[in-house]
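What follows is a short report on a single structure.
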There are 2 protein chains.
Amino acid sequence: MRPTGKDVARRAGVSPKTVSNVLTGVVSVTPRTRARVEQAMQELNYVPNHSARSLRNGRSGLIGLALPDLSTPYSADLAHHIVEAAHERGWGVQIEETGHDPQREVELMSQARTNIIDGLILNPVVLDESAVKVGVALPPVVLLGEVNQHLTDRVWVDGVTAASDMTKLLAAKGARRIAVLGATGERRSATAITRTEGYRAGLAELGFPRDTALEIVCDDWTPRGSAEALAAYLDQHDLPDAIFCFTDSLAIGALNALSSKGIRVPDDVMVAGFDDIDDGEFANPPLTTVSFDRREVAERALDMLARRIANRDRTPETVTVDYRIIERASTHDRISRKN
Amino acid sequence: MRPTGKDVARRAGVSPKTVSNVLTGVVSVTPRTRARVEQAMQELNYVPNHSARSLRNGRSGLIGLALPDLSTPYSADLAHHIVEAAHERGWGVQIEETGHDPQREVELMSQARTNIIDGLILNPVVLDESAVKVGVALPPVVLLGEVNQHLTDRVWVDGVTAASDMTKLLAAKGARRIAVLGATGERRSATAITRTEGYRAGLAELGFPRDTALEIVCDDWTPRGSAEALAAYLDQHDLPDAIFCFTDSLAIGALNALSSKGIRVPDDVMVAGFDDIDDGEFANPPLTTVSFDRREVAERALDMLARRIANRDRTPETVTVDYRIIERASTHDRISRKN
DNA sequence: TTGAAAGCGTTACCAT
DNA sequence: ATGGTAACGCTTTCAA
């Protein structure tokens with residue numbers, strides 16, 4: 001049987017409350033008493049019971065992190081930073097996967113699992129304003145990503161402007177027929193919608209015609225899904241001048257499909273991504289992409305969550321994290337490649 | 001204030017115990033009573049308090065998953081399957097990162113955080129027999145991967161034989177000078193040691209001389225670390241006929257370094273990986289690799305953990321998960337590429 | 001089948 | 001500065 005605070009108290013010749021005082025450190029304790037208690041803890045190899053503690057003070061020290069799919073390199077890197085940053089703040093992280101299931105998102109938001117976690121960081125796929133409203137009494141939540149709502153705290157990168165910037169960059173590199181890969185079909189992905197919007201805005205600024213045939217639908221945001229979608233597309237359509245993929249994972253799949261068909265990047269077509277994951281930087285050719293600091297996203301999200309937990313009546317805030325476009329070989333024009 | 005079981009009981013006109021009976025379902029309850037209680041729960045939007053429940057029955061319904069680095073695609077995919085499989089069994093998963101820190105591994109093993117989690121799945125980097133012995137009273141633990149010990153349950157793939165097989169495959173493809181990339185320097189990685197051992201055994205079987213200059217050290221198992229290590233190596237050494245990278249992430253970095261130097265794969269040098277991650281399948285060229293079913297690893301690990309939690313005195317078991325080598329373009333010889 | 005009461009291990013309040 | 005007591009919300013004896 002594991003020793004309890006009572007056992008420690010008995011051994012140290014004090015009351016259980018004193019043991020608690022030593023542990024929490026909020027009330028002062030005589031150095032002598034403290035020493036005796038700490039020694040008793042050592043001897044008994046005492047570890048406080050977490051459940052009892054959270055029952056008593058209503059805090060578990062655990063936060064939830066809900067992501068669509070942990071196996072995506074982008075999500076994995078995000079999770080890595082959140083786990084790391086949370087650990088530094090003394091928080092544990094429980095991972096939940098929503099598997100692109102809107103129902104699961106609403107479930108997590110509304111109530112489920114409450115009180116095992118003190119708060120939730122949610123990276124939704126489709127969550128819209130209506131879904132947020134469902135949960136009348138929300139647990140402390142911070143939303144991550146390009147979901148369009150303002151009823152909760154959130155951290156995001158301005159995907160509209162970023163997508164517009166990327167579109168204009170590709171045009172500046174000489175592309176006229178610029179396609180996007182990852183447009184949403186049945187899934188209604190908030191991220192896809194945002195980036196498509198930015199792409200269209202970019203085209204409008206450039207005075208380029210909008211051609212919906214250049215918006216390649218692909219709901220499965222994996223290299224496999226992307227390769228299949230692009231291969232099928234190219235069987236029916238002309239090769240565009242550039243393909244702006246809505247994530248690096250999509251871009252990796254695109255590079256694969258193009259290579260299979262003997263199409264050279266960037267000579268025959270330029271390719272760009274979004275997210276700046278490691279495997280994109282080291283792809284062949286390395287990917288031009290939209291980069292942002294995932295560690296900062298993690299820190300800001302945890303800051304907000306901590307404030308929200310402390311005070312649930314705060315006005316919801318939105319934090320916008322900076323991005324920048326990193327140009328790599330996948331979009332080099334002929335002149336710069338001559339160097 | 002959140003409603004408690006007592007509130008539900010009052011509203012339904014029953015005792016708290018009856019509410020509990022409805023919830024746990026272990027004692028039979030009159031359909032009429034059950035219906036009344038369930039209605040009361042609905043009306044009050046009742047969610048049982050997790051802390052109280054775990055305090056009472058000594059189970060949290062949470063397991064820990066400790067990995068070196070969640071941002072590695074391999075770890076991410078593993079975590080994905082474990083989270084998914086655990087969810088199906090009604091378990092939550094708390095993620096811990098050991099950051100390649102042996103101290104943190106021992107910490108997790110020995111006692112820390114006990115009783116917030118019912119058990120631990122640990123994918124160690126360096127953990128050896130001695131470290132396991134430290135924890136006299138271990139919590140229920142299942143070890144993942146090629147760590148060399150037999151005092152706890154574990155699930156692994158036979159990396160020795162797999163590495164040997166890969167070495168022989170590369171030889172069969174015509175390679176004579178076969179290098180490995182990812183050999184351990186200061187880190188003493190158990191996985192690196194195992195795979196190096198298999199590589200050497202393969203060479204011995206082939207009657208090839210062992211040349212330690214072909215064992216390229218790289219402790220940082222990321223594409224970046226790999227690209228740097230290989231670039232530096234090639235500045236000082238001749239190009240081998242084949243490079244067997246100890247993970248696909250290393251191989252992706254290797255492809256990048258080779259491409260930067262204008263070295264063609266597989267024409268000038270063959271490259272192979274280990275793990276079969278998506279980004280390797282869609283790399284350019286696609287990677288030959290050692291593949292195994294991560295979902296099965298997850299299921300087996302959870303099976304064992306459940307058994308261990310139920311009975312802590314069982315004899316430790318080892319489960320070996322099958323692997324197979326998948327040949328892709330990164331090792332195609334000239335003849336097969338002619339097809 | 002249901003109810004009453006005790007207890008899981010911890011911490012807060014109120015004395016001393 | 002320390003101790004006693006009660007309470008967090010649930011489940012498990014034991015009785016009815």
Side-chain angles (χ1 to χ4, degrees), chain A residues 1-41 44-62 90 111-118 139, chain B residues 1-41 44-62 90 111-118 139:
Chain A
M1 204 50 205
R2 274 247 310 289
T4 73
K6 221 186 210 165
D7 297 325
V8 174
R10 194 170 325 116
R11 185 171 195 105
V14 298
S15 84
K17 172 58 175 136
T18 305
V19 174
S20 170
N21 285 342
V22 170
L23 237 29
T24 58
V26 61
V27 182
S28 59
V29 178
T30 306
R32 255 191 77 247
T33 315
R34 152 163 277 120
R36 254 191 313 159
V37 171
E38 279 170 350
Q39 198 195 337
M41 286 179 178
L44 293 173
N45 195 21
Y46 170 74
V47 186
N49 181 312
H50 187 91
S51 303
R53 186 175 273 182
S54 18
L55 172 59
R56 179 61 240 203
N57 51 20
R59 291 277 169 82
S60 67
L62 227 54
Q111 49 137 317
R113 286 260 176 202
T114 304
N115 77 291
I116 193 180
I117 54 173
D118 297 335
Chain B
M1 204 48 207
R2 274 248 310 289
T4 73
K6 220 188 210 163
D7 298 324
V8 175
R10 191 168 329 116
R11 185 171 194 105
V14 297
S15 82
K17 168 61 173 140
T18 306
V19 175
S20 170
N21 285 342
V22 170
L23 238 28
T24 59
V26 61
V27 183
S28 59
V29 180
T30 306
R32 258 192 75 247
T33 317
R34 150 162 279 119
R36 255 193 310 160
V37 171
E38 278 170 349
Q39 197 194 337
M41 286 179 178
L44 294 173
N45 195 21
Y46 169 74
V47 186
N49 181 311
H50 189 90
S51 303
R53 186 174 273 181
S54 15
L55 172 58
R56 180 60 240 207
N57 48 18
R59 291 276 169 83
S60 67
L62 227 53
Q111 50 136 319
R113 287 260 178 203
T114 305
N115 78 292
I116 192 181
I117 54 173
D118 297 336

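In what follows, every chain begins at residue 1, and chains take the letters A, B, ... in the order their sequences are listed.
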Options [options], nucleotide nearest the side-chain atoms of [X]:
{"X": "B/Asn57", "options": "D/dT11, C/dG3, C/dT11", "answer": "D/dT11"}
{"X": "B/Arg53", "options": "C/dG9, D/dC10, C/dT11", "answer": "D/dC10"}
{"X": "A/Ala52", "options": "C/dT10, D/dG4, C/dT1", "answer": "C/dT10"}
{"X": "B/Asn49", "options": "C/dT10, D/dT2, D/dG9", "answer": "D/dG9"}
{"X": "B/Tyr46", "options": "D/dT2, D/dC10, C/dT11", "answer": "D/dC10"}

Looking only at atom types and distance, does a side-chain atom of [X] sit under 3.5 Å from a main-chain N or O of [Y], one as donor and one as acceptor?
{"X": "B/Arg59", "Y": "B/Ser54", "answer": "no"}
{"X": "B/Ser60", "Y": "B/Leu62", "answer": "yes"}
{"X": "B/Thr30", "Y": "B/Arg32", "answer": "no"}

Between [N] atom [atom2] and [X] atom [atom1], what is the distance in whole Å?
{"X": "B/Ile116", "N": "C/dC8", "atom1": "CD1", "atom2": "P", "value": "21 Å"}
{"X": "A/Arg59", "N": "D/dC8", "atom1": "CZ", "atom2": "P", "value": "18 Å"}
{"X": "B/Leu44", "N": "D/dG9", "atom1": "CG", "atom2": "P", "value": "14 Å"}
{"X": "B/Lys6", "N": "C/dT2", "atom1": "NZ", "atom2": "P", "value": "20 Å"}
{"X": "A/Asn21", "N": "D/dT5", "atom1": "CG", "atom2": "C1'", "value": "15 Å"}
{"X": "B/Asp7", "N": "D/dC8", "atom1": "CG", "atom2": "P", "value": "11 Å"}

Indicate the atoms forming the closest heavy-atom contact of A/Val14 with A/Thr33, along with that distance.
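A/Val14 and A/Thr33 have their closest heavy atoms at CG1-CG2, 3.8 Å.
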Minimum heavy-atom distance between B/Ala9 and B/Pro16, given as atom pair plus value:
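Scanning both residues completely, I find the closest heavy atoms to be CB-N, 3.5 Å.
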Please classify the nucleic acid contact of A/Val14 as base, sugar-phosphate, or nothing, using heavy-atom distances under 4.0 Å.
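Sugar-phosphate: the residue A/Val14, judged by heavy atoms under 4.0 Å, touches backbone atoms but no base.
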Across the strands shown, which category fits A/Ser54 at heavy-atom distances under 4.0 angstrom: base, sugar-phosphate, nothing?
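Here A/Ser54 touches no strand at all.
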Donor-acceptor pair under 3.5 Å: do we get one between A/Arg56's side chain and the base of C/dT10?
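No pair found.
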[N] phosphate, OP1 or OP2: any side-chain N/O from [X] under 4.0 angstrom?
{"X": "B/Ser51", "N": "D/dC10", "answer": "no"}
{"X": "B/Ser20", "N": "D/dT12", "answer": "no"}
{"X": "B/Thr18", "N": "C/dT1", "answer": "no"}

Nearest-nucleotide wise, let me know which of B/Leu55 and B/Lys17 is further upstream toward the 5' end of DNA chain D.
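Mapping each residue to its closest nucleotide by heavy atoms, the 5'-most match is B/Leu55.
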Between B/Val29 and A/Leu23, which is nearer to the 5' end of DNA chain C once each is assigned its nearest nucleotide?
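Of the two residues, B/Val29 wins.
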